[in-house]
> 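Sending over a structure as structure tokens; questions will come in a sec.
Owing to the predicted nature of the structure, the values given are computational and were not obtained by experimental measurement. Within every chain, numbering begins at 1; the chains are lettered A, B, ... in the order of the sequence lines, protein sequences first and strands thereafter.
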Amino acid sequence: MVKEKTQHYIRTSDLDNGVIRVDETLKILHYNRWLELHTNKKEKNLLGLKLTDVFTNINEKTLLRKIKTALRLQTPTYYTASTSKYLIPIKIDQIKNSYFEYMQQDVRIMAAKNDSRIVTILINDQTIMANTNKLLEANIQKVKELNSELIKEREITKLHNEKLLSNSRSAAMGEMISMIAHQWRQPLSLINTLIATMRIKQELDLLDKNTISKSFTKIESTVNFLSETIDDFRDYFKPNKLISEVTLHQLFNKSISFLKDEMDHLSIKYIIDINEDIKIFTYKNELLQSLINIFKNSIDAFKYADINDRKIEVKVKNQETNIIISIEDNAGGIEPEVLQKIFEPYFSTKNKNGTGLGLYMCKTIIEKNLNGDINISSKDGITQTVIQLPKNIKQNEE
Amino acid sequence: MQTYELTEDEKDVLQELMNVAYGNATAVVADMLDAFASLSIPNIKILTVNELLQTFKELKSTSYFFATQAFSGEFKGESAFFINEESANNLAIHLGLENNEDLDDAILELTNVLTSSLTTKLSQEMDTEVSFSLPSISKFPLEDIDDIETFQQYSQVIVIDTDLNFEDQKINGKIFILTKDESIQWLKRKLNTILELLI
């Protein structure tokens, strides 16, 4: 019997637990009704028998050690279901799915208050809890597996993005070569004409010193122009990771100068409304590359549009900590379904001529490197690109 | 959040009480394992949870068995017992254990013996009673200790930290007795009552 402090007795047959009383030699002194029902063994047949002879699965050495410790400490010792599974083998007959063949038990070994040689072993059914734990463990395992898959996927995406950026750099390089070709076509043809003229005059014996001198001067100045063009491109396209003060007006003029020939050829008017004093601290070359990319897109759009009054209009708003750049073209606008995907990598409407990386690169540069924001909208044949940039990227980074 | 500190006098009394409790615990553990055991003089301090987690990290071993056991009553809290893999293996050899589950069980037993002998004796000295929950065990790399939510519910903890040594068997472990704010307050009141009786 389990005895309470108040000296009242609880009948162990009323308990929903197994109760065994044994002495320090493991002789059974009491075996309650719950255990009788669960093990199909009667108390009257067990009294006086050694517990480990009745249940041979029990490690006698361990049990004796726990009993001795409980008696010595006068506080309980334990078997836990999570490590020891069970003490008394009780088969589970439930139809319900279970991970376990035997009832999982938490066992508490308590010294009797009035006898220093006797302990009460209290058995608690923990099968439901153990099943839940097992299920949880299986789910945790599943989550861990999914998580590691996710990490792998993320790595792949990262590599993919790095590759995209590297591809977009190659694409920018290609654009640059095509722009240099545009810029060089006219001066080269001028040099060619000058040389051809001199050659003809030489054959006709009409080449005088004055003509030679004039031609050389023209050739020299044209070669200088070619050289400057190369320097400009080199300066603006070499990876320059320094933050510098940029006068926006100059930066726009520079970007337009790279594209001027093509714009003139397509009769595109360039209108800029900007306070010439606006300066920002940022990565100059990266911003220039992005602006050129946006202008280039507008120019390309005009190639396929039958529009008379062609123009690209730039406005810059000066705010307290930011500047807002708006670039508008009237090249016919963009279809909503195209607009949705416009910043996706490898998305292009230009068939073979487009890499689909230009605007993807712009967004990456503006948002990740320049701490800014870019949005493109289109209405009534007009496309507007709005870029917001911090005036001082350093302050923003801090 | 209120912060608590133990005065020098309070620390002295607690140290004395702990010495008695540790004498008792050492004897029980030695008896249970049939080996000569020694417990280092306990180091008592009040720490924030972050400081406590840092202390755990400083144990700096890749793999630890870690068992906890809650105790309740007027003086309530949780004990945390750390034993590294090598010590755990030596314990298994000493006890002639056959498998990992037996080893887990032995570590839980050791945790239970240390927790109950320490806190029972301490609570007896302070004229109160404690009851114990089942201990539980986990094995994890120490870097993950921040994730153990059980510690996060404490704001400040009294840490009673000691090393358990079985020299011949090369087994050593570390036990922390952790109590929450209200038990710290209770403990301070109790220590002061004992102090007044001594004067």
Side-chain angles (χ1 to χ4, degrees), chain A residues 2 4-6 17 24 57-87 89 100 102 104-111 113 116 119-126 129-130 132-134 136-137 140-141 143-144 147, chain B residues 21 24-35 65 67-73 79 88 91-92 94-124 129-140 144 147:
Chain A
V2 177
E4 279 196 329
K5 241 187 173 177
T6 50
N17 296 89
E24 57 193 353
N57 64 298
I58 298 174
N59 182 324
E60 188 175 319
K61 195 178 157 197
T62 307
L63 180 58
L64 280 172
R65 193 177 66 223
K66 285 182 193 282
I67 289 175
K68 194 174 140 193
T69 310
L71 289 170
R72 172 89 163 77
L73 277 175
Q74 290 294 304
T75 57
T77 53
Y78 307 91
Y79 285 99
T80 59
S82 60
T83 56
S84 307
K85 313 297 180 206
Y86 56 87
L87 184 71
F100 306 103
Y102 289 93
Q104 303 294 295
Q105 300 159 359
D106 277 344
V107 178
R108 191 178 275 254
I109 302 167
M110 299 168 293
K113 286 262 189 271
S116 62
V119 292
T120 302
I121 301 172
L122 190 69
I123 296 159
N124 216 331
D125 181 1
Q126 288 290 321
M129 187 64 98
T132 312
N133 282 342
K134 204 83 177 171
L136 198 65
E137 247 172 57
I140 287 173
Q141 189 53 37
V143 169
K144 273 188 182 162
N147 200 26
Chain B
N24 183 48
T26 314
V28 176
V29 171
D31 207 25
M32 167 195 154
L33 297 180
D34 196 19
F65 286 93
T68 55
Q69 186 173 17
F71 52 91
S72 34
S79 68
L91 178 70
H94 178 67
L95 292 175
L97 304 176
E98 284 159 11
N99 57 43
N100 284 341
E101 280 162 4
D102 285 348
L103 175 59
D104 286 354
D105 182 50
I107 291 167
L108 289 179
E109 218 173 301
L110 201 52
T111 309
N112 176 46
V113 167
L114 285 168
T115 311
S116 44
S117 55
L118 289 174
T119 46
T120 307
K121 195 73 190 165
L122 193 64
S123 55
Q124 273 171 11
E129 271 188 69
V130 283
S131 79
F132 302 95
S133 305
L134 258 71
S136 68
I137 196 161
S138 54
K139 191 185 171 197
F140 61 94
D144 295 345
D147 299 337

> Examine whether an atom of A:Thr77 lies under 4.5 Å from a heavy atom of chain B, and if so say whether it belongs to the side chain, the backbone or both; otherwise answer neither.
both

> Report which part of B:Leu103 has an atom under 4.5 Å of a heavy atom belonging to chain A: side chain, backbone, both, or neither.
neither

> Between A:Thr69 and chain B, which part of the residue has a heavy atom less than 4.5 Å away: side chain, backbone, both or neither?
side chain

> Please confirm whether A:Lys85 makes a cation-pi placement over A:Phe100, using NZ or CZ under 6.0 Å from the six-membered ring centre and within 45° of the ring normal.
no

> Where does B:Thr115 contact chain A at under 4.5 Å (heavy atoms): side chain, backbone, both or neither?
neither

> Are any of the side-chain nitrogens in A:Lys66 or B:Asp105 under 4.0 Å away from the carboxylate oxygens of its partner?
yes

> Answer with side chain, backbone, both or neither: which region of B:Ala27 has an atom nearer than 4.5 Å to a non-hydrogen atom of chain A?
both

> As a quick check of understanding, evaluate side chain to side chain contact (heavy atoms under 4.5 Å, CB included) for A:Asp106 and A:Thr80, giving each step before the final call.
CA-CA 5 Å; A:Asp106 277 344; A:Thr80 59; 4.0 Å; yes

> Do the non-hydrogen side-chain atoms of B:Phe71 and B:Thr120 ever get within less than 4.5 Å of each other?
no

> If I measure from the heavy atoms of chain A, does B:Ser117 come under 4.5 Å with its side chain, its backbone, both, or neither?
both

> Does A:Tyr102 offer a backbone N or O that forms a donor-acceptor pair with the side chain of A:Gln104 under 3.5 Å?
yes

